[in-house]
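Scroll down for the structure; my scribbles are underneath it.
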Amino acid sequence: KDTLRKTREALASNFDQQDEKFISLKEELERLFKKKKLSEVTQQEMVANICTLQQIHERIKELNRTNKQLSDKYKGDIKFTRVHKRLHEQGDISQSERQIYEALIGLKQDADERVLDSENVLDNEAYFARVMMPNIIKRFKNEQNIALNPTTTRYINQLVVNEYLKEFNGGSGQW
């Protein structure tokens, strides 16, 4: 039961619950115990599933470790960690991790400056999205020579805007 508790805690501490790996681990755990409360899991069920449970626990610990490592690159900013991961998952940008990182860290600086200059900018999502678009083009296309099509540019913009709005509205408890 201790392993199950630790596994659930590790899942709960993951800051990127849209990650495909996270979702599959969570679903695997739910299938294993069919959403029972910790106190309702019988000893027989635990014995039957302990090996699988330990594997899930190790995989979620590794996912959390790699998330933390990527987050550290963005100075602990989980918004840009998630943006980085979504871009990587989408696969439209085939440049090196380094180029994507450099573009995103520059974009982070632009967005943070804009928000710090006027926190009210986040009260108007359309305006914030409009002012971020030239920064995306500058950081990705002009500085890192990453080819962008309009769809990918809008996708990056929407990811960034959504992350800032989620944080501003209390979605990640960082403000």
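Everything quoted here is computed from the prediction, not taken from an experiment.
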Sub-4.5 Å side-chain heavy-atom contact between H88 and E97
yes

Which heavy atom of M132 sits nearest to which heavy atom of A111, and what is that distance?
CE-CB, 3.5 Å

Does the R82 side chain pair with the main chain of F15, one donor and one acceptor, at a distance under 3.5 Å?
yes

Hey, are K6 and E9 close enough for a salt bridge, meaning a charged N less than 4.0 Å from a carboxylate O?
no

Spacing of I146 atom CD1 and I156 atom CD1 [to the nearest 0.5 Å]
7.5 Å

So if you build clusters from Ile, Leu, Val, Met, Phe, Trp, Tyr with side-chain heavy-atom gaps below 4.5 Å, do F168 and V160 land together?
yes

Could you tell me if the side chain of I56 sits less than 4.5 Å from the side chain of L32, heavy atoms only?
yes

Which heavy atom of A12 sits nearest a heavy atom of Q17, and at what distance?
O-NE2, 3.7 Å

Does a salt bridge link E89 with K85, judged by any charged N lying under 4.0 Å from a carboxylate O?
no

In terms of heavy-atom contacts, Y74 and H84 come closest through OH-ND1, 2.7 Å

With the 4.5 Å side-chain cut-off for hydrophobic clustering, are L107 and V115 part of the same group?
yes

In terms of hydrophobic clustering (I, L, V, M, F, W, Y; side-chain heavy atoms under 4.5 Å; direct or indirect links), are F140 and Y155 co-clustered?
yes

Between K141 and L148, the two heavy atoms sitting closest are N-CD1, 4.4 Å

If you measure from the Lys or Arg side-chain nitrogens to the Asp or Glu carboxylate oxygens, is any gap between D19 and K26 under 4.0 Å?
no

Can you tell whether the side chains of K61 and E58 come within less than 4.0 Å, N to carboxylate O?
yes

Please answer: with hydrophobic residues joined when any side-chain heavy atoms are less than 4.5 Å apart, are L159 and L122 in the same cluster?
yes

When you measure from the side chain of N157 to the backbone of A129, do you find a donor-acceptor pair of N or O atoms at a distance under 3.5 Å?
yes

Heavy atoms, side chains only, cut-off 4.5 Å: are I60 and L29 in contact?
no

Reported OG1-to-CG distance for the pair T81 and L70, which is rounded to 0.5 angstrom
5.0 Å

Hey, are T152 and N149 close enough side-chain-wise for a donor-acceptor pair under 3.5 Å?
yes

Check: Y101 side chain, K73 main-chain N or O, donor-acceptor pair, under 3.5 Å:
yes

Looking at K79 and D77, is there a salt bridge between them, counting it only when a charged N and a carboxylate O are closer than 4.0 Å?
yes

If I compare all heavy atoms of F22 with all of L11, which pair ends up nearest, and what's the gap?
CE1-O, 3.2 Å

Partner residues of H57 under the ring-ring contact (aromatic ring centres under 6.0 Å, His included) criterion, sequence neighbours left out
none

Do Q18 and D16 have side chains that get closer than 4.5 Å, going by heavy atoms?
yes

Might you point out which heavy atoms bring A10 and N64 nearest each other, and give the distance in Å?
O-ND2, 3.0 Å

With sequence neighbours left out, what residues match R114 under side chain to side chain contact (heavy atoms under 4.5 Å, CB included)?
V121, Y127, F128, V131

